[in-house]
Visitor: 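I'd like to ask you about the structure that follows.
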Protein chains: 2
Amino acid sequence: MDISASTINLPKGMKSLKTSPSPGRPRAFDVEQALETAMNLFWKQGYEGTSLTDLTDAMGINRPSLYAAFGNKEELFRKVVKRYGSGPGRHATTSLTEPTARQVAEAMIRGSVNLLGDPDHPRGCLMVHGALACSEDSAEVQQDMAAMRCSAETQLCERFARAQAEGDLPAAADPADLARFVQAVTQGMAVLAASGATKEELSRVGELAMRAWPE
Amino acid sequence: MDISASTINLPKGMKSLKTSPSPGRPRAFDVEQALETAMNLFWKQGYEGTSLTDLTDAMGINRPSLYAAFGNKEELFRKVVKRYGSGPGRHATTSLTEPTARQVAEAMIRGSVNLLGDPDHPRGCLMVHGALACSEDSAEVQQDMAAMRCSAETQLCERFARAQAEGDLPAAADPADLARFVQAVTQGMAVLAASGATKEELSRVGELAMRAWPE
DNA sequence: TGATATGTGTACCAGTCAGTAAATAATACG
DNA sequence: CGTATTATTTACTGACTGGTACACATATCA
(Lines give C-alpha, C1' and ligand atoms only; values in the text may rest on other atoms or scores of the structure.)
Protein backbone atom coordinates (compact mmCIF):
# COMPACT_ATOMS: atom_id res chain seq x y z
CA MET A 1 0.00 0.00 0.00
CA ASP A 2 1.16 3.44 -0.87
CA ILE A 3 1.27 5.72 2.14
CA SER A 4 1.41 9.11 0.40
CA ALA A 5 1.59 12.27 2.43
CA SER A 6 -1.97 13.08 1.56
CA THR A 7 -3.15 10.20 3.73
CA ILE A 8 -1.44 11.59 6.79
CA ASN A 9 -3.50 13.82 9.02
CA LEU A 10 -2.06 17.28 8.41
CA PRO A 11 -3.22 20.52 10.03
CA LYS A 12 -6.04 22.15 8.07
CA GLY A 13 -4.81 24.03 5.04
CA MET A 14 -1.28 22.72 5.47
CA LYS A 15 0.16 21.40 2.24
CA SER A 16 2.03 18.13 2.33
CA LEU A 17 5.75 18.30 1.70
CA LYS A 18 5.73 15.45 -0.79
CA THR A 19 4.21 16.35 -4.13
CA SER A 20 1.51 13.79 -3.67
CA PRO A 21 -1.61 13.81 -5.84
CA SER A 22 -4.55 15.70 -4.38
CA PRO A 23 -8.11 16.06 -5.52
CA GLY A 24 -9.15 19.10 -7.52
CA ARG A 25 -7.73 20.81 -10.53
CA PRO A 26 -3.93 21.09 -10.35
CA ARG A 27 -2.32 24.50 -10.21
CA ALA A 28 -1.24 25.65 -13.65
CA PHE A 29 1.71 27.75 -12.44
CA ASP A 30 4.81 27.27 -10.30
CA VAL A 31 4.29 28.93 -6.93
CA GLU A 32 8.01 29.34 -6.28
CA GLN A 33 8.58 30.89 -9.68
CA ALA A 34 5.61 33.22 -9.18
CA LEU A 35 7.04 34.26 -5.80
CA GLU A 36 10.37 34.97 -7.44
CA THR A 37 8.65 37.17 -10.02
CA ALA A 38 6.71 39.00 -7.33
CA MET A 39 9.90 39.53 -5.33
CA ASN A 40 11.65 41.16 -8.25
CA LEU A 41 8.70 43.46 -8.86
CA PHE A 42 8.33 44.54 -5.22
CA TRP A 43 12.09 44.91 -5.07
CA LYS A 44 12.10 47.30 -8.00
CA GLN A 45 8.90 49.25 -7.43
CA GLY A 46 8.23 48.89 -3.73
CA TYR A 47 5.08 47.68 -2.01
CA GLU A 48 2.76 50.50 -2.96
CA GLY A 49 4.36 51.10 -6.34
CA THR A 50 3.47 47.59 -7.43
CA SER A 51 -0.17 47.01 -8.38
CA LEU A 52 -1.98 43.71 -8.49
CA THR A 53 -2.17 44.09 -12.25
CA ASP A 54 1.61 44.52 -12.40
CA LEU A 55 1.93 41.34 -10.37
CA THR A 56 -0.56 39.16 -12.23
CA ASP A 57 0.74 40.33 -15.61
CA ALA A 58 4.31 39.50 -14.69
CA MET A 59 3.39 36.21 -13.04
CA GLY A 60 1.19 35.25 -15.95
CA ILE A 61 -1.72 34.33 -13.69
CA ASN A 62 -5.17 35.68 -12.98
CA ARG A 63 -6.15 37.68 -9.98
CA PRO A 64 -8.18 34.97 -8.21
CA SER A 65 -5.27 32.56 -8.64
CA LEU A 66 -3.01 35.01 -6.86
CA TYR A 67 -5.48 35.43 -4.00
CA ALA A 68 -5.99 31.66 -3.71
CA ALA A 69 -2.25 31.00 -3.58
CA PHE A 70 -0.97 33.94 -1.52
CA GLY A 71 -3.88 35.48 0.40
CA ASN A 72 -3.79 39.10 -0.62
CA LYS A 73 -1.27 41.75 -1.65
CA GLU A 74 0.06 42.29 1.86
CA GLU A 75 0.43 38.59 2.61
CA LEU A 76 2.16 38.10 -0.71
CA PHE A 77 4.56 40.89 0.16
CA ARG A 78 5.34 39.29 3.51
CA LYS A 79 6.00 35.95 1.83
CA VAL A 80 8.28 37.78 -0.59
CA VAL A 81 10.15 39.46 2.26
CA LYS A 82 10.63 36.10 3.96
CA ARG A 83 11.95 34.62 0.73
CA TYR A 84 14.25 37.60 0.31
CA GLY A 85 15.66 37.10 3.78
CA SER A 86 16.54 33.48 3.13
CA GLY A 87 17.63 34.15 -0.46
CA PRO A 88 19.29 37.29 -1.79
CA GLY A 89 19.47 38.87 1.65
CA ARG A 90 20.88 35.75 3.28
CA HIS A 91 24.19 37.41 4.10
CA ALA A 92 22.49 39.59 6.74
CA THR A 93 22.19 36.54 8.98
CA THR A 94 24.97 34.28 7.71
CA SER A 95 27.56 37.01 8.27
CA LEU A 96 26.89 36.79 11.99
CA THR A 97 28.58 33.39 12.11
CA GLU A 98 31.99 34.75 11.13
CA PRO A 99 34.63 34.13 13.82
CA THR A 100 35.54 37.73 14.69
CA ALA A 101 33.72 41.05 14.88
CA ARG A 102 35.81 42.51 12.10
CA GLN A 103 35.09 39.52 9.88
CA VAL A 104 31.40 39.82 10.65
CA ALA A 105 31.43 43.47 9.58
CA GLU A 106 33.48 42.69 6.51
CA ALA A 107 31.18 39.83 5.51
CA MET A 108 28.14 42.02 6.03
CA ILE A 109 29.55 44.76 3.83
CA ARG A 110 30.91 42.36 1.22
CA GLY A 111 27.54 40.61 1.08
CA SER A 112 25.77 43.93 0.57
CA VAL A 113 28.20 44.93 -2.17
CA ASN A 114 27.67 41.64 -3.98
CA LEU A 115 23.91 41.92 -3.73
CA LEU A 116 23.57 45.62 -4.53
CA GLY A 117 26.12 45.52 -7.31
CA ASP A 118 24.60 42.49 -9.01
CA PRO A 119 23.18 43.61 -12.36
CA ASP A 120 20.87 40.56 -12.40
CA HIS A 121 18.89 42.02 -9.52
CA PRO A 122 16.90 45.22 -9.12
CA ARG A 123 19.13 48.01 -7.88
CA GLY A 124 18.71 48.39 -4.17
CA CYS A 125 17.56 46.45 -1.14
CA LEU A 126 14.02 45.21 -0.60
CA MET A 127 14.21 46.03 3.08
CA VAL A 128 15.00 49.65 2.25
CA HIS A 129 13.09 50.11 -0.99
CA GLY A 130 10.05 48.02 -0.06
CA ALA A 131 8.18 50.57 2.02
CA LEU A 132 10.43 53.42 3.11
CA ALA A 133 7.92 56.19 2.47
CA CYS A 134 4.31 55.42 1.67
CA SER A 135 0.71 56.41 2.33
CA GLU A 136 -0.91 55.81 5.67
CA ASP A 137 -2.72 52.81 4.19
CA SER A 138 0.54 50.87 4.28
CA ALA A 139 1.80 52.15 7.60
CA GLU A 140 1.82 48.65 9.06
CA VAL A 141 3.99 47.23 6.29
CA GLN A 142 6.23 50.27 6.60
CA GLN A 143 6.64 49.81 10.34
CA ASP A 144 7.31 46.10 9.92
CA MET A 145 10.12 46.82 7.48
CA ALA A 146 11.60 49.35 9.89
CA ALA A 147 11.30 46.80 12.69
CA MET A 148 13.16 44.22 10.60
CA ARG A 149 15.95 46.69 9.89
CA CYS A 150 16.15 47.44 13.61
CA SER A 151 16.20 43.74 14.38
CA ALA A 152 19.14 43.24 12.04
CA GLU A 153 20.92 46.06 13.85
CA THR A 154 20.19 44.49 17.22
CA GLN A 155 21.49 41.10 16.13
CA LEU A 156 24.62 42.75 14.86
CA CYS A 157 25.02 44.61 18.13
CA GLU A 158 24.64 41.44 20.15
CA ARG A 159 27.19 39.71 17.97
CA PHE A 160 29.64 42.55 18.53
CA ALA A 161 28.98 42.48 22.26
CA ARG A 162 29.81 38.77 22.26
CA ALA A 163 32.96 39.49 20.31
CA GLN A 164 33.91 42.03 22.95
CA ALA A 165 33.42 39.42 25.66
CA GLU A 166 35.51 37.03 23.60
CA GLY A 167 38.23 39.62 23.30
CA ASP A 168 38.30 40.23 19.56
CA LEU A 169 36.82 43.71 19.87
CA PRO A 170 38.46 46.45 21.98
CA ALA A 171 36.72 47.20 25.27
CA ALA A 172 36.60 50.86 24.33
CA ALA A 173 34.42 50.16 21.30
CA ASP A 174 30.65 50.48 21.54
CA PRO A 175 28.91 47.47 19.97
CA ALA A 176 25.67 49.40 19.43
CA ASP A 177 27.48 52.24 17.68
CA LEU A 178 29.40 49.84 15.46
CA ALA A 179 26.26 47.92 14.56
CA ARG A 180 24.48 51.16 13.67
CA PHE A 181 27.45 52.28 11.64
CA VAL A 182 27.51 49.07 9.61
CA GLN A 183 23.76 49.41 9.06
CA ALA A 184 24.18 53.01 7.94
CA VAL A 185 26.87 52.04 5.45
CA THR A 186 24.99 49.10 3.95
CA GLN A 187 21.70 50.97 3.79
CA GLY A 188 23.47 53.98 2.34
CA MET A 189 24.96 51.72 -0.31
CA ALA A 190 21.43 50.56 -1.12
CA VAL A 191 20.49 54.15 -1.91
CA LEU A 192 23.68 54.59 -3.91
CA ALA A 193 22.85 51.46 -5.87
CA ALA A 194 19.46 52.96 -6.69
CA SER A 195 21.32 55.97 -8.05
CA GLY A 196 23.32 53.73 -10.34
CA ALA A 197 26.50 53.02 -8.40
CA THR A 198 28.50 50.07 -9.71
CA LYS A 199 29.78 47.10 -7.76
CA GLU A 200 33.32 48.48 -7.84
CA GLU A 201 32.17 51.84 -6.52
CA LEU A 202 30.19 50.21 -3.73
CA SER A 203 33.15 48.02 -2.92
CA ARG A 204 35.36 51.06 -2.41
CA VAL A 205 32.75 52.57 -0.12
CA GLY A 206 32.89 49.41 1.94
CA GLU A 207 36.66 49.43 2.02
CA LEU A 208 36.66 53.02 3.21
CA ALA A 209 34.08 52.25 5.87
CA MET A 210 36.20 49.44 7.28
CA ARG A 211 38.98 51.94 7.88
CA ALA A 212 36.84 53.27 10.71
CA TRP A 213 36.93 49.88 12.41
CA PRO A 214 38.49 50.06 15.91
CA GLU A 215 42.01 48.69 16.45
CA MET B 1 2.91 109.08 -9.88
CA ASP B 2 3.10 105.67 -8.36
CA ILE B 3 5.08 103.24 -10.50
CA SER B 4 3.93 99.96 -9.00
CA ALA B 5 5.29 96.73 -10.32
CA SER B 6 2.00 95.94 -11.94
CA THR B 7 2.48 98.77 -14.43
CA ILE B 8 5.74 97.35 -15.67
CA ASN B 9 5.57 95.08 -18.69
CA LEU B 10 6.30 91.67 -17.23
CA PRO B 11 6.45 88.37 -19.17
CA LYS B 12 3.06 86.73 -19.44
CA GLY B 13 2.11 84.86 -16.30
CA MET B 14 5.09 86.22 -14.38
CA LYS B 15 4.17 87.51 -11.00
CA SER B 16 5.63 90.81 -9.88
CA LEU B 17 8.04 90.66 -6.99
CA LYS B 18 6.36 93.48 -5.12
CA THR B 19 3.07 92.53 -3.57
CA SER B 20 1.29 95.10 -5.68
CA PRO B 21 -2.48 95.02 -6.04
CA SER B 22 -3.72 93.13 -9.08
CA PRO B 23 -7.16 92.73 -10.57
CA GLY B 24 -9.17 89.67 -9.75
CA ARG B 25 -10.15 87.92 -6.59
CA PRO B 26 -7.23 87.73 -4.16
CA ARG B 27 -5.88 84.36 -3.18
CA ALA B 28 -7.36 83.18 0.09
CA PHE B 29 -4.32 81.15 1.21
CA ASP B 30 -0.62 81.73 1.71
CA VAL B 31 1.32 80.10 -1.11
CA GLU B 32 4.51 79.76 0.94
CA GLN B 33 2.68 78.22 3.84
CA ALA B 34 0.89 75.82 1.48
CA LEU B 35 4.24 74.84 -0.04
CA GLU B 36 5.60 74.20 3.43
CA THR B 37 2.65 71.94 4.20
CA ALA B 38 3.09 70.08 0.91
CA MET B 39 6.79 69.65 1.61
CA ASN B 40 6.15 68.05 4.97
CA LEU B 41 3.63 65.68 3.43
CA PHE B 42 5.85 64.61 0.52
CA TRP B 43 8.70 64.32 2.96
CA LYS B 44 6.79 61.92 5.15
CA GLN B 45 4.88 59.88 2.58
CA GLY B 46 6.88 60.27 -0.61
CA TYR B 47 5.70 61.41 -4.02
CA GLU B 48 3.40 58.52 -4.86
CA GLY B 49 2.31 57.93 -1.29
CA THR B 50 0.84 61.41 -1.11
CA SER B 51 -2.50 61.91 -2.85
CA LEU B 52 -3.97 65.18 -4.03
CA THR B 53 -6.66 64.74 -1.41
CA ASP B 54 -3.96 64.41 1.27
CA LEU B 55 -2.42 67.61 -0.05
CA THR B 56 -5.56 69.72 -0.39
CA ASP B 57 -6.88 68.54 2.98
CA ALA B 58 -3.64 69.47 4.72
CA MET B 59 -3.28 72.75 2.86
CA GLY B 60 -6.90 73.64 3.49
CA ILE B 61 -7.56 74.49 -0.14
CA ASN B 62 -9.57 73.04 -2.99
CA ARG B 63 -8.19 71.04 -5.86
CA PRO B 64 -8.55 73.71 -8.56
CA SER B 65 -6.78 76.20 -6.30
CA LEU B 66 -3.85 73.83 -6.05
CA TYR B 67 -3.73 73.38 -9.80
CA ALA B 68 -3.99 77.12 -10.40
CA ALA B 69 -1.19 77.90 -7.99
CA PHE B 70 1.22 75.02 -8.59
CA GLY B 71 0.43 73.42 -11.95
CA ASN B 72 -0.09 69.79 -11.12
CA LYS B 73 1.12 67.19 -8.64
CA GLU B 74 4.49 66.71 -10.32
CA GLU B 75 5.19 70.44 -10.65
CA LEU B 76 4.19 70.94 -7.04
CA PHE B 77 6.62 68.21 -6.02
CA ARG B 78 9.42 69.86 -7.99
CA LYS B 79 8.70 73.19 -6.33
CA VAL B 80 8.77 71.41 -2.99
CA VAL B 81 12.11 69.78 -3.81
CA LYS B 82 13.53 73.16 -4.76
CA ARG B 83 12.30 74.64 -1.51
CA TYR B 84 13.78 71.72 0.39
CA GLY B 85 17.15 72.29 -1.23
CA SER B 86 17.27 75.91 -0.18
CA GLY B 87 15.65 75.24 3.19
CA PRO B 88 16.06 72.14 5.35
CA GLY B 89 18.57 70.60 2.94
CA ARG B 90 20.63 73.73 2.68
CA HIS B 91 23.67 72.16 4.33
CA ALA B 92 24.25 69.98 1.25
CA THR B 93 25.46 73.04 -0.62
CA THR B 94 26.61 75.34 2.16
CA SER B 95 28.96 72.69 3.54
CA LEU B 96 30.98 72.94 0.34
CA THR B 97 32.23 76.36 1.36
CA GLU B 98 34.11 75.06 4.39
CA PRO B 99 37.86 75.76 4.19
CA THR B 100 39.19 72.20 4.22
CA ALA B 101 38.06 68.84 2.85
CA ARG B 102 37.74 67.42 6.33
CA GLN B 103 35.65 70.34 7.46
CA VAL B 104 33.45 69.97 4.40
CA ALA B 105 32.83 66.31 5.23
CA GLU B 106 32.25 67.12 8.88
CA ALA B 107 29.82 69.91 8.04
CA MET B 108 27.97 67.67 5.62
CA ILE B 109 27.59 64.93 8.21
CA ARG B 110 26.77 67.33 11.03
CA GLY B 111 24.16 69.01 8.85
CA SER B 112 22.59 65.66 8.05
CA VAL B 113 22.53 64.68 11.71
CA ASN B 114 20.86 67.95 12.66
CA LEU B 115 18.26 67.59 9.94
CA LEU B 116 17.56 63.88 10.34
CA GLY B 117 17.54 64.01 14.10
CA ASP B 118 15.22 66.99 14.29
CA PRO B 119 11.92 65.80 15.82
CA ASP B 120 10.15 68.80 14.26
CA HIS B 121 10.67 67.31 10.80
CA PRO B 122 9.53 64.08 9.20
CA ARG B 123 12.07 61.34 9.81
CA GLY B 124 14.28 60.99 6.79
CA CYS B 125 15.44 62.95 3.77
CA LEU B 126 13.17 64.10 0.98
CA MET B 127 15.83 63.33 -1.61
CA VAL B 128 15.92 59.73 -0.43
CA HIS B 129 12.33 59.18 0.68
CA GLY B 130 10.68 61.19 -2.08
CA ALA B 131 10.76 58.64 -4.86
CA LEU B 132 13.22 55.84 -4.12
CA ALA B 133 10.99 53.01 -5.33
CA CYS B 134 7.78 53.68 -7.19
CA SER B 135 5.60 52.62 -10.09
CA GLU B 136 6.65 53.22 -13.66
CA ASP B 137 4.26 56.16 -13.81
CA SER B 138 6.67 58.16 -11.68
CA ALA B 139 9.88 56.94 -13.28
CA GLU B 140 10.80 60.46 -14.35
CA VAL B 141 10.49 61.91 -10.88
CA GLN B 142 12.41 58.93 -9.55
CA GLN B 143 15.24 59.44 -12.03
CA ASP B 144 15.36 63.15 -11.30
CA MET B 145 15.80 62.48 -7.61
CA ALA B 146 18.58 60.00 -8.35
CA ALA B 147 20.20 62.57 -10.62
CA MET B 148 20.09 65.16 -7.86
CA ARG B 149 21.72 62.78 -5.43
CA CYS B 150 24.39 62.05 -8.03
CA SER B 151 24.86 65.76 -8.59
CA ALA B 152 25.43 66.30 -4.88
CA GLU B 153 28.03 63.54 -4.99
CA THR B 154 29.74 65.13 -7.99
CA GLN B 155 29.87 68.54 -6.34
CA LEU B 156 31.38 66.94 -3.27
CA CYS B 157 33.90 65.11 -5.40
CA GLU B 158 34.93 68.30 -7.17
CA ARG B 159 35.29 70.06 -3.83
CA PHE B 160 37.55 67.27 -2.57
CA ALA B 161 39.59 67.37 -5.78
CA ARG B 162 40.10 71.09 -5.24
CA ALA B 163 41.13 70.41 -1.67
CA GLN B 164 43.65 67.93 -2.94
CA ALA B 165 45.09 70.55 -5.28
CA GLU B 166 45.18 72.95 -2.39
CA GLY B 167 47.04 70.41 -0.29
CA ASP B 168 44.56 69.78 2.50
CA LEU B 169 43.76 66.27 1.30
CA PRO B 170 46.45 63.57 0.86
CA ALA B 171 47.41 62.83 -2.73
CA ALA B 172 46.75 59.14 -2.08
CA ALA B 173 43.10 59.78 -1.33
CA ASP B 174 40.49 59.38 -4.05
CA PRO B 175 38.09 62.36 -4.08
CA ALA B 176 35.37 60.35 -5.88
CA ASP B 177 35.57 57.53 -3.33
CA LEU B 178 35.45 59.96 -0.43
CA ALA B 179 32.47 61.79 -1.91
CA ARG B 180 30.64 58.51 -2.44
CA PHE B 181 31.48 57.44 1.10
CA VAL B 182 30.09 60.63 2.60
CA GLN B 183 26.96 60.21 0.48
CA ALA B 184 26.59 56.60 1.62
CA VAL B 185 26.88 57.61 5.26
CA THR B 186 24.41 60.50 5.07
CA GLN B 187 21.90 58.55 2.98
CA GLY B 188 22.31 55.57 5.26
CA MET B 189 21.57 57.84 8.20
CA ALA B 190 18.40 58.92 6.40
CA VAL B 191 17.24 55.30 6.38
CA LEU B 192 18.26 54.91 10.02
CA ALA B 193 16.24 58.01 10.87
CA ALA B 194 13.23 56.41 9.19
CA SER B 195 13.74 53.44 11.49
CA GLY B 196 13.62 55.71 14.50
CA ALA B 197 17.26 56.51 15.22
CA THR B 198 17.77 59.49 17.54
CA LYS B 199 19.97 62.49 16.92
CA GLU B 200 22.56 61.19 19.38
CA GLU B 201 22.69 57.82 17.67
CA LEU B 202 23.07 59.42 14.26
CA SER B 203 25.75 61.68 15.64
CA ARG B 204 27.80 58.72 16.79
CA VAL B 205 27.45 57.16 13.35
CA GLY B 206 28.88 60.34 11.89
CA GLU B 207 31.72 60.39 14.39
CA LEU B 208 32.58 56.82 13.55
CA ALA B 209 32.47 57.56 9.84
CA MET B 210 34.92 60.43 10.19
CA ARG B 211 37.44 58.00 11.66
CA ALA B 212 37.79 56.64 8.14
CA TRP B 213 38.93 60.03 6.91
CA PRO B 214 42.44 59.94 5.40
CA GLU B 215 45.36 61.35 7.45
C1' DT C 1 -20.00 6.76 -13.63
C1' DG C 2 -20.93 10.25 -10.13
C1' DA C 3 -19.38 13.13 -6.11
C1' DT C 4 -16.11 16.12 -4.25
C1' DA C 5 -12.45 19.30 -4.26
C1' DT C 6 -9.58 22.60 -6.18
C1' DG C 7 -7.94 26.06 -9.82
C1' DT C 8 -9.00 29.23 -13.73
C1' DG C 9 -11.36 32.88 -16.41
C1' DT C 10 -14.53 36.54 -16.84
C1' DA C 11 -16.66 40.11 -15.28
C1' DC C 12 -17.63 42.78 -11.83
C1' DC C 13 -17.61 45.76 -7.11
C1' DA C 14 -16.95 50.15 -4.42
C1' DG C 15 -13.44 53.35 -3.66
C1' DT C 16 -9.69 56.26 -5.02
C1' DC C 17 -6.52 58.27 -8.38
C1' DA C 18 -5.07 62.72 -10.95
C1' DG C 19 -7.17 66.17 -13.38
C1' DT C 20 -10.96 69.52 -15.15
C1' DA C 21 -15.47 72.12 -16.72
C1' DA C 22 -18.44 75.48 -15.32
C1' DA C 23 -20.73 78.49 -12.25
C1' DT C 24 -19.96 81.86 -8.81
C1' DA C 25 -17.42 85.19 -5.81
C1' DA C 26 -14.22 88.89 -5.09
C1' DT C 27 -11.09 92.16 -6.51
C1' DA C 28 -9.11 96.36 -9.74
C1' DC C 29 -9.86 99.56 -13.21
C1' DG C 30 -12.42 102.92 -16.06
C1' DC D 1 -21.94 101.56 -12.26
C1' DG D 2 -19.91 97.85 -15.84
C1' DT D 3 -16.07 95.16 -17.44
C1' DA D 4 -12.08 92.43 -17.01
C1' DT D 5 -9.50 89.34 -14.27
C1' DT D 6 -8.54 86.03 -10.98
C1' DA D 7 -9.92 82.61 -7.12
C1' DT D 8 -13.08 79.40 -5.04
C1' DT D 9 -16.63 75.94 -5.09
C1' DT D 10 -19.07 72.05 -6.61
C1' DA D 11 -19.42 68.37 -9.26
C1' DC D 12 -17.73 65.67 -12.43
C1' DT D 13 -14.51 62.55 -15.75
C1' DG D 14 -12.11 58.21 -17.16
C1' DA D 15 -8.72 55.28 -15.48
C1' DC D 16 -7.05 52.59 -12.03
C1' DT D 17 -6.99 50.51 -7.07
C1' DG D 18 -7.43 46.09 -4.21
C1' DG D 19 -10.62 42.55 -3.83
C1' DT D 20 -14.43 39.11 -5.11
C1' DA D 21 -18.79 36.37 -7.05
C1' DC D 22 -19.69 32.98 -10.06
C1' DA D 23 -19.53 29.91 -13.79
C1' DC D 24 -16.57 26.54 -15.67
C1' DA D 25 -12.52 23.33 -16.04
C1' DT D 26 -9.77 19.59 -14.24
C1' DA D 27 -8.21 16.64 -11.00
C1' DT D 28 -8.98 12.44 -7.19
C1' DC D 29 -11.78 9.10 -5.04
C1' DA D 30 -15.61 5.86 -4.32
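Every chain is numbered from 1, with letters handed out A, B, ... down the list of sequences. Keep in mind it's a predicted model, so treat the numbers as computed, not measured.
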Visitor: Grab the NZ-P distance between B:K73 and C:dT20 for me, whole Å please.
Guide: 14 Å
Visitor: Find the distance B:F77:CZ to C:dG19:P and express it as a whole number of Å.
Guide: 14 Å
Visitor: Can you find a side chain N or O atom of B:R25 that sits less than 4.0 Å from OP1 or OP2 on C:dA25?
Guide: no
Visitor: Report the distance from atom CG of A:N72 to atom C1' of D:dT17, rounded to the nearest whole Å.
Guide: 14 Å
Visitor: With sugar-phosphate meaning primed atoms plus P, OP1 and OP2, does A:P64 contact a base, only sugar-phosphate, or nothing at under 4.0 Å between heavy atoms?
Guide: base
Visitor: For the pair made of CZ in A:F29 and C1' in C:dG9, what is the distance, rounded to whole Å?
Guide: 14 Å
Visitor: With a cut-off of 6.0 Å (strictly less than), are more than 12 heavy atoms of other residues, nucleotides or ligands near CD of B:E136?
Guide: no
Visitor: Does any N or O in the side chain of A:R180 come within less than 3.5 Å of the main-chain N or O of B:V205, such that one atom is a donor and the other an acceptor?
Guide: no
Visitor: Just to be sure I understand the rule, does A:T50 reach a base, reach only the sugar-phosphate, or reach nothing, if contact means heavy atoms closer than 4.0 Å?
Guide: sugar-phosphate
Visitor: A:Q45 CD to D:dT17 P: how many Å, rounded?
Guide: 11 Å
Visitor: Ignoring backbone atoms, establish whether A:N62 has a side-chain N or O less than 4.0 Å from OP1 or OP2 of C:dG9.
Guide: yes
Visitor: Indicate whether OP1 or OP2 belonging to D:dT17 is found under 4.0 Å from a side-chain N or O atom of A:S51.
Guide: yes
Visitor: I need the CZ-P distance between A:F70 and C:dG7, as an integer number of Å.
Guide: 11 Å
Visitor: Please determine if B:E32 and B:R83 form a salt bridge, counting it only when a charged side-chain N lies under 4.0 Å from a carboxylate O.
Guide: yes
Visitor: By nearest heavy atom, map B:P26 and B:Y67 onto DNA chain C; which one lands nearer the 5' end?
Guide: B:Y67
Visitor: Which listed nucleotide (C:dT8, D:dT28, D:dT5) is nearest to the side chain of B:P23?
Guide: D:dT5
Visitor: State which residue, out of B:L76, B:I61, B:T37, fulfils the side-chain contact (heavy atoms from CB on, under 4.5 Å) condition with B:L55.
Guide: B:L76
Visitor: Assign A:S135 to base, sugar-phosphate, or nothing according to its heavy-atom contacts below 4.0 angstrom with the strands shown.
Guide: nothing
Visitor: Relative to B:Y47, does B:K73 satisfy both conditions: NZ or CZ under 6.0 angstrom from the six-membered ring centre, and within 45 degrees of the ring's axis?
Guide: yes
Visitor: Is a donor-acceptor contact shorter than 3.5 angstrom present between the side chain of A:R63 and the base of D:dG19?
Guide: yes
Visitor: Round to a whole Å and report the spacing from CG of B:L55 to P of C:dT16.
Guide: 16 Å
Visitor: Ignoring backbone atoms, establish whether A:S65 has a side-chain N or O less than 4.0 Å from OP1 or OP2 of C:dG7.
Guide: no
Visitor: Count the heavy atoms of every other residue, nucleotide or ligand shown that sit under 6.0 Å from CZ of A:R159, and state whether that count exceeds 12.
Guide: yes
Visitor: So, OP1 or OP2 of C:dC17: does either fall under 4.0 Å of a side-chain N or O from B:T53?
Guide: yes
Visitor: Report the residue (B:G60 or B:D137) whose heavy-atom-nearest nucleotide on DNA chain D is the more 5′ of the two.
Guide: B:G60
Visitor: Mind checking B:A68 for me? I need base, sugar-phosphate or nothing, with any heavy atom below 4.0 Å counting as a touch.
Guide: nothing
Visitor: Send over the distance from B:I61 CD1 to C:dA25 P, rounded to a whole Å.
Guide: 20 Å
